[in-house]
Amino acid sequence: MAIRFLRTLIAISEKGNFSDAADQICVTPAAVSQQMKRLEEILDVELFDRNRRTPELTLTGKVLVPRAREIVRSYDSMLNDVKSEYPMSGEFTIGAVSSSLATLLPVSIKTLLNNYPEIHIRLLTAPSHDLLPQLDRGAIDAAVMSKPLQLRNHFKWQAFAEENMVVMCSKELESNDPFELLKNNPYIRMSRHTVVGVMSDDVLQDANLNIQDTMELESLESITNMVSHNLGVAIVPRPCVMDIRHEGLKLIPIDSATQSREMGILSRQDNLKFRMVDGLLDALKGTIREFEQKSSSG
């Protein structure tokens with residue numbers, strides 16, 4: 001049974017409804033509803049009377065709440081005893097690729113700081129291939145980046161998203177055929193020495209396409225800006241969390257593309273700030289879940 005389900009149950013009992021409980025624990029009301037249905041399935045009991053306009057706790061649900069408090073309190077106490085040597089406070093230096101800075105990382109950092117207000121964040125921006133040496137020499141504690149092509153044993157990789165390759169183009173272009181768009185429009189290339197650049201070239205090679213290569217840029221953010229002004233088309237990973245920059249763009253799947261970009265957090269195995277790294281990972285996953293839930297609901 002997930003502890004978060006019990007935390008959600010407690011929040012509902014305190015706030016009186018799913019919506020206010022969702023605000024308290026920083027998820028959507030739909031996520032609260034899904035968690036409670038799952039908890040009812042696990043326990044094989046009805047915790048809520050859903051015949052009312054606002055679901056109310058049943059007698060069984062009310063009896064469970066104090067027990068849930070005891071379990072959560074014991075769980076938190078256990079974690080504090082085990083991890084008290086490594087407090088969630090002090091400076092936490094994060095390196096991040098620029099494509100994560102519009103929405104994904106700011107929202108996730110906000111969640112992290114809400115949970116652990118004694119953390120002080122330092123943020124550095126660089127391409128994935130530049131973050132690796134900074135992490136290696138200890139200049140940063142963790143890097144939000146694409147998975148490197150090779151990982152040495154003293155690094156720890158924790159993935160949080162898989163992003164499929166798509167053709168990005170302006171909505172001004174009528175075609176929805178990815179290969180037609182690539183053949184008939186200027187091509188904006190991601191730098192060849194980046195992970196995304198290598199993947200994009202593999203897609204082109206597999207499709208045996210002749211393209212009009214017009215630009216080569218160092219970041220996905222720069223490519224997005226150029227494509228948004230209809231200066232060409234590009235092959236990029238579909239962002240796990242989109243932002244306002246993508247509103248005027250089309251992201252067209254490439255069915256034949258077998259590769260995808262894996263996004264995650266890279267840290268050193270000997271990093272004493274592992275609790276902060278894990279906290280950031282949880283926050284990133286939570287942001288992605290919220291985005292997916294909002295996208296699926298409308």
Side-chain angles (χ1 to χ4, degrees), residues 26 76 79-80 82-163 190-191 193-197 217-225 237 239-243 245 261-291:
C26 301
D76 290 341
L79 289 184
N80 289 335
V82 171
K83 296 181 177 180
S84 60
E85 188 177 349
Y86 306 102
M88 291 289 275
S89 61
E91 189 168 280
F92 184 33
T93 305
I94 304 169
V97 292
S98 60
S99 60
S100 68
L101 296 181
T103 301
L104 174 62
L105 197 55
V107 173
S108 302
I109 288 177
K110 182 178 181 180
T111 299
L112 181 66
L113 293 178
N114 284 340
N115 292 335
Y116 307 103
E118 294 184 3
I119 294 177
H120 176 73
I121 301 289
R122 290 183 66 242
L123 183 62
L124 305 175
T125 307
S128 292
H129 60 273
D130 288 339
L131 291 173
L132 196 61
Q134 293 190 62
L135 188 65
D136 204 10
R137 65 175 183 266
I140 56 178
D141 298 311
V144 177
M145 58 185 286
S146 305
K147 184 178 183 180
L149 298 176
Q150 293 183 327
L151 279 175
R152 286 182 285 173
N153 291 335
H154 65 283
F155 285 129
K156 180 180 181 180
W157 175 253
Q158 300 180 86
F160 59 77
E162 194 84 17
E163 300 178 333
M190 186 72 176
S191 179
H193 63 264
T194 64
V195 173
V196 172
L217 303 177
E218 290 289 328
S219 73
L220 287 172
E221 186 179 32
S222 299
I223 288 178
T224 301
N225 290 337
C240 57
V241 172
M242 300 218 232
D243 56 72
R245 295 173 305 164
R261 176 171 80 153
E262 186 172 290
M263 288 290 290
I265 299 180
L266 189 66
S267 58
R268 289 179 60 101
Q269 294 280 7
D270 58 359
N271 185 0
L272 295 182
K273 298 180 181 178
F274 64 92
R275 288 190 64 205
M276 296 185 189
V277 176
D278 290 345
L280 177 60
L281 179 66
D282 289 342
L284 287 161
K285 289 180 176 178
T287 300
I288 293 170
R289 281 196 301 270
E290 287 188 40
F291 171 80

Stepwise, does the side chain to side chain contact (heavy atoms under 4.5 Å, CB included) test hold for Met276 with Ile119? CA-CA 8 Å; Met276 296 185 189; Ile119 294 177; 4.1 Å; yes
Worked verdict on Ile265 versus Trp157 for side chain to side chain contact (heavy atoms under 4.5 Å, CB included): CA-CA 6 Å; Ile265 299 180; Trp157 175 253; over 6 Å; no
For Leu217 and Met190: C-alpha separation, side-chain torsions, deciding distance, then whether side chain to side chain contact (heavy atoms under 4.5 Å, CB included) applies. CA-CA 5 Å; Leu217 303 177; Met190 186 72 176; 5.8 Å; no
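Heavy-atom contacts from other residues, nucleotides or ligands closer than 6.0 Å to CD of Gln269 number more than 12.
At a threshold of 4.5 Å between non-hydrogen side-chain atoms, the residues Arg261 and Val196 count as touching. Using a 4.5 Å cut-off on side-chain heavy atoms (C-beta onward), Leu266 and Val144 make no contact. Considering only heavy atoms from C-beta on, Pro237 comes within 4.5 Å of Leu220 through its side chain. Looking only at side-chain heavy atoms (C-beta outward), Arg152 and Gln150 stay at 4.5 Å or farther from each other. Looking at heavy atoms from C-beta onward, Leu104 lies out of side-chain contact with Phe291 at the 4.5 angstrom threshold. The closest side-chain heavy-atom distance from Asp270 to His154 is not below 4.5 Å.
Nearest heavy-atom pair across Arg268 and Leu135 is CD-O, 3.5 Å. Closest approach of Ala96 to Leu105, counting heavy atoms only: CB-CD2, 3.4 Å. Among all heavy-atom pairs drawn from Phe160 and Cys240, the shortest one is CE1-SG, 4.5 Å. When every heavy atom of Ser98 is checked against every heavy atom of Glu221, the shortest pair comes out as CB-OE1, 3.5 Å. Heavy-atom minimum distance, Leu281 versus Ala159: CD1-O, 4.1 Å. Looking at every heavy atom in both residues, Pro127 comes nearest to Val97 through C-CG1, 4.2 Å.
Considering only residues two or more places apart in sequence or on other chains, Gln134 meets the side-chain hydrogen bond (donor to acceptor under 3.5 Å, both in side chains) condition with none of them. For the side-chain contact (heavy atoms from CB on, under 4.5 Å) test, residues two or more places apart in sequence or in another chain that qualify with Thr93 are Glu91, Arg122, Leu124, Ile140, Asp141.
Rounding to the nearest 0.5 Å gives a distance of 10.0 Å between CG of Leu280 and OG of Ser267. Atom CG of Leu113 and atom CD1 of Ile121 lie 5.0 Å apart (nearest 0.5 Å). From Phe92, atom CZ reaches atom NZ of Lys273 across 8.0 Å, with rounding to the nearest 0.5 Å. Atoms CZ and CG, from Phe155 and Asn271 in turn, are 11.0 Å apart once rounded to the nearest 0.5 Å. Atoms NE2 and CG, from His193 and Asp130 in turn, are 7.0 Å apart once rounded to the nearest 0.5 Å. The distance from the CE atom of Met263 to the CD atom of Glu163 is 5.5 Å, given to the nearest 0.5 Å.
Between Ser222 and Ser219, the side chains place a donor N or O and an acceptor N or O closer than 3.5 Å (distance only, hydrogens not considered). Residues Thr287 and Ser108 have side chains that bring a donor and an acceptor to within less than 3.5 angstrom of each other.
Side chain of Asp136 to backbone of Leu132: no donor-acceptor contact under 3.5 angstrom is found. Checked by atom type and distance alone, the side chain of Ser128 pairs as donor or acceptor with a backbone atom of Ser146 at under 3.5 Å. The backbone N or O of Val107 lies less than 3.5 Å from a partner atom in the side chain of Thr111, making a donor-acceptor pair.
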